[in-house]
Amino acid sequence: MNFFRKNSIVSISLAVLLLALLVFAGCSDSSATTTPPAQVELSVLAAASMTDALQAVNDLYMSEFPNVTVVANFASSGTLQKQIEQGAPADVFISAAAKQMDALQGESLILDATRRDLLNNRVVLVVPVNSTLVLNDFTDLLNSDVLQIAIGDPDSVPAGTYGKQALDQLGIYAQVQSKLILCSDVRQVLSYVEAGNVDAGIVYSTDAAITDQVKIMADAPAEVNSKIVYPVAVIKSSQHVAAAEAYIAFLFTDEVAAIFEQYGFSVVVQ
């Protein structure tokens with residue numbers, strides 16, 4: 001009787017051990033650790049002035065992280081702000097000014113802890129490359145041979161806001177206001193100048209750097225250019241917060257800083 005009881009106990013123990021080994025083997029299946037992470041599509045809303053630089057950055061990011069697809073939409077920061085306020089699905093916002101980011105933060109539409117200052121830029125006065133105008137300073141826009149000046153709409157385009165600040169600071173805004181052609185974003189300003197549709201335009205130095213169809217005549221006052229900053233943050237409604245945070249962290253790496261500097265931006269020292 002004891003013999004059979006002992007054998008039964010041994011059999012049960014072996015069965016339990018075998019079952020445990022099978023379960024362990026199933027849990028440690030190598031396919032579980034080699035399966036690539038789920039595909040993620042990140043929507044990035046960015047200021048129009050970043051178009052070329054950020055496209056280069058995104059190409060690099062997707063080559064290093066093929067499981068992530070970055071879809072970037074570029075427009076004036078004011079337009080993008082309104083889209084976010086209206087519930088447009090997006091993960092990351094990069095503004096060309098603090099104003100738009102401040103507004104979204106005040107409405108609790110971004111994750112405050114993710115907000116960081118990313119880039120600096122400069123506002124400059126440009127003319128068509130074949131122009132014979134002599135404009136040594138923004139005040140030369142008062143000259144009678146300057147008939148039309150393209151500028152981003154100061155209410156929604158940061159480059160236009162900074163341009164207006166420059167004209168205000170120099171005390172000439174009222175005198176040149178009738179010459180201003182308001183544009184929907186800074187790239188439209190650039191295209192008007194390139195085509196010779198206007199005599200001059202106010203853009204970022206980074207915009208002027210991407211074309212050989214315009215030439216820079218003057219910088220805005222240093223007091224204005226020193227205020228230009230591009231903040232970045234994760235949008236609160238994002239469905240991919242961790243991936244969005246990882247993307248922002250990538251923007252602050254040395255390899256990305258080199259790309260931004262190649263396109264004329266200055267990277268904010270952290």
Side-chain angles (χ1 to χ4, degrees), residues 37 39-77 79-80 83-84 88 90-98 100-101 114-124 126 129 152 157-159 162 183-191 193-194 201 203-216 225 228-235 238 240 242-270:
Q39 293 291 315
V40 175
E41 182 175 290
L42 281 181
S43 173
V44 177
L45 305 184
S49 55
M50 297 188 68
T51 301
D52 301 272
L54 197 63
Q55 285 176 338
V57 169
N58 289 344
D59 286 344
L60 175 63
Y61 188 77
M62 289 185 287
S63 71
E64 294 191 11
F65 303 95
N67 60 304
V68 181
T69 300
V70 181
V71 179
N73 292 289
F74 300 96
S76 71
S77 298
T79 297
L80 297 175
Q83 290 178 2
I84 295 169
D91 302 294
V92 175
F93 177 44
I94 311 176
S95 174
Q100 288 75 23
M101 191 70 78
T114 67
R115 178 175 176 173
R116 300 174 69 180
D117 288 341
L118 176 61
L119 301 169
N120 298 123
N121 209 338
R122 293 167 29 242
V123 163
V124 296
V126 295
V129 67
V157 182
Y162 294 126
C183 299
S184 61
D185 60 49
V186 71
R187 288 303 171 91
Q188 186 177 43
V189 175
L190 184 67
S191 68
V193 180
E194 287 179 314
V203 299
Y204 289 119
S205 61
T206 50
D207 298 304
I210 66 169
T211 177
D212 59 3
Q213 298 303 304
V214 307
K215 53 187 177 182
I216 296 175
N225 280 340
I228 299 176
V229 64
Y230 287 57
V232 59
V234 175
I235 298 169
S238 170
H240 310 291
E245 290 178 334
Y247 173 80
I248 289 178
F250 182 77
L251 297 180
F252 288 87
T253 61
D254 290 342
E255 58 186 337
V256 173
I259 293 175
F260 282 135
E261 289 169 358
Q262 176 185 343
Y263 282 88
F265 289 97
S266 300
V267 179
V268 174
V269 178
Q270 301 296 310

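Here the structure is a predicted model, which means the values were calculated and not measured.
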If you look at every heavy atom in [X] and [Y], which pair is closest and at what distance?
X      : Y      : answer
Asp117 : Pro231 : OD1-CB, 3.7 Å
Tyr263 : Ala209 : O-CB, 4.5 Å
Gln100 : Pro158 : OE1-CG, 3.8 Å
Val40  : Ala243 : CG1-CB, 4.0 Å
Val68  : Met62  : O-CG, 3.3 Å
Val234 : Ala244 : CG2-CB, 3.8 Å

**Prompt:** On the ring face of Phe252, is Arg116 found with NZ or CZ under 6.0 Å from the centre and within 45° of the axis?
**Reply:**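 Pair Arg116/Phe252 counts as cation-pi.
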
**Asked** Can you check whether Ser43's main-chain N or O pairs, donor with acceptor, with Asp91's side chain at less than 3.5 Å?
**Response**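 Flag set: sc Asp91 to bb Ser43 pair under 3.5 Å.
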
**Asked** Judged by atom type as modelled, is there a donor-acceptor pair below 3.5 Å linking the side chain of Ser266 to the main-chain atoms of Asn120?
**Response**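 Here the side-chain-to-backbone pair does not exist.
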
**Request:** Could you walk me through whether Leu45 and Asn73 pass side chain to side chain contact (heavy atoms under 4.5 Å, CB included), step by step?
**Result:** CA-CA 5 Å; Leu45 305 184; Asn73 292 289; 3.8 Å; yes

Can you measure from [atom1] ([X]) to [atom2] ([Y]) and round to the nearest 0.5 angstrom?
X      : Y      : atom1 : atom2 : result
Leu54  : Leu251 : CG    : CG    : 7.0 Å
Glu194 : Asp212 : CD    : CG    : 8.5 Å
Leu118 : Ser95  : CG    : OG    : 11.5 Å
Phe74  : Ile94  : CZ    : CD1   : 8.0 Å
Tyr61  : Ile259 : OH    : CD1   : 13.5 Å

Evaluate the side-chain proximity of [Y] to [X]: yes if any heavy-atom separation is below 4.5 Å, no if none is.
X      : Y      : answer
Arg187 : Asp52  : yes
Asn121 : Ser205 : yes
Glu64  : Phe250 : yes
Phe260 : Leu119 : yes
Ile216 : Val126 : yes
Val203 : Val124 : yes
Leu190 : Ile210 : yes
Val232 : Val92  : yes

**Request:** Answer with yes or no whether the side chains of Ser76 and Asp185 bring together a donor and an acceptor at under 3.5 Å.
**Result:**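 No, Ser76 and Asp185 have no side-chain donor paired with an acceptor closer than 3.5 Å.
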
**Prompt:** Would you call the rings of Tyr204 and Tyr230 parallel, tilted or perpendicular if under 30° counts as parallel and over 60° as perpendicular?
**Reply:**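 Ring orientation, 0 to 90° scale: tilted.
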
